[in-house]
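In this text the structure is predicted, and so the values were computed from the model without any measurement. Ligands are counted one by one from 1 in listed order, and the atoms in each one are counted from 1 as well.
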Amino acid sequence: MRVFRAAAEITAWVATQRAQGETIALVPTMGFLHQGHLSLVELAKRHASVVITYIFVNPAQFNDPKDLEKYPRDEVRDTTLLESVGTSALFVPPLSEIYPPGYTTFVDVGGVSEPLEGAHRPGHFRGVATVLSLFFNIIRPDVAVFGEKDFQQLRVIERFVKDLHFGVRIIRAPLVREADGLALSSRNVRLSPEERGAALSLSRSLTIAKAAVAAGERHASALRAMIEQELAKQPLVQVEYVAIASEEDLLPVDIVSEGSRALIAAFVGNTRLIDTMAL
Ligand code: AMP
């Protein structure tokens, strides 16, 4: 696996790969990798001959400076994991390579970026869209793979890639969970054993709602109440939002239909977690 730190070097390397007829997939990450990230690499390999992962903890998408400071990092372990799944190249740029002094350009996505995460994390999606625009221009991939774990992020990316004609095909990867249901997240390492136990209520409440839909319940208000009730049993869980929304625009629906999804954001102790499930 090639490791690059300079943007100009990976741009040049990708150009040589392309000249040899290779196709390029990009898997963006913030590192501290887990099976969810590795499943994205596996999926990327099915769509392109060269798979590039980047690790960049993007300050522009952290609305909470403490969250940025506490974000876990382990480049050595990440490198070994990426090599083990056959990643072609890893790009780990320093901050100054992506945001050099004097940097002032940002990408603001309207509509789908406004509710839910957009409302609770001001500037978050602006940071996401900006950094991805930079990486898309540096690497110019044919396809890029993103997890449904961050479902709203996925929709925001699909939107701005289309609006700005980036010409990158966006591939959706299914959410990967632990055996007991906990959605894999780099932030899970911050949970104490007790908090981890409480965090299971997120996936459990979503499973309860999904089962209710399968049994015929269609009212979003009833489904939201079920989820909130299950989460309320855990004193360590502080809910930010529970939403039953359309996958298209992430706006709330009254009646669940094809393309409706439940989304949760909650603090478990001091750690903010999100989870989601198609209904
Ligand atoms: P992150 O490093 O958290 O920015 O995530 C990088 C990519 O991995 C994003 O596309 C996420 O949606 C995806 N991802 C993170 N956790 C999971 C998971 N449990 N299952 C599937 N994809 C995930």
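- No option in Phe135, Phe4, Phe91 other than Phe135 meets the ring-ring contact (aromatic ring centres under 6.0 Å, His included) test with Tyr54.
- Qualifying side-chain contact (heavy atoms from CB on, under 4.5 Å) partners for Ile24, counting only residues two or more places apart in sequence or in other chains: Val14, Gln17, Arg18, Val50, Ile52, Ile139, Pro141, Asp142.
- Hydrophobic cluster membership of Leu200, counting Ile, Leu, Val, Met, Phe, Trp and Tyr whose side-chain heavy atoms lie under 4.5 Å apart directly or via other members: Leu182.
- A cation-pi arrangement, defined by a distance under 6.0 Å to the six-membered ring centre and an angle within 45 degrees of its axis, is present between Arg77 and Phe32.
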Taking distance alone, no hydrogens or angles, what donor-acceptor pairs closer than 3.5 Å link side-chain atoms of residues 218-230 to residues at least two apart or in another chain?
from	atom 1	to	atom 2	distance (Å)
Arg218	NH1	Val213	O	2.8
His219	ND1	Glu217	OE2	3.2
Glu230	OE1	Lys233	NZ	2.9
Glu230	OE2	Arg204	NE	3.0

Does ligand 1 have any N/O pairs with the protein under 3.5 Å, and how far apart?
from	atom 1	to	atom 2	distance (Å)
ligand 1	2 (O)	Met30	N	2.9
ligand 1	2 (O)	His37	NE2	2.9
ligand 1	5 (O)	His37	NE2	3.4
ligand 1	10 (O)	Gly147	N	2.9
ligand 1	12 (O)	Gly147	N	3.2
ligand 1	12 (O)	Gly147	O	3.1
ligand 1	12 (O)	Asp150	OD2	2.7
ligand 1	16 (N)	Leu184	O	3.4
ligand 1	19 (N)	Val176	O	2.9
ligand 1	19 (N)	Leu184	O	2.9
ligand 1	20 (N)	Val176	N	2.8

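- Across all their heavy atoms, Arg187 and Arg272 have their closest contact at CD-O, 3.6 Å.
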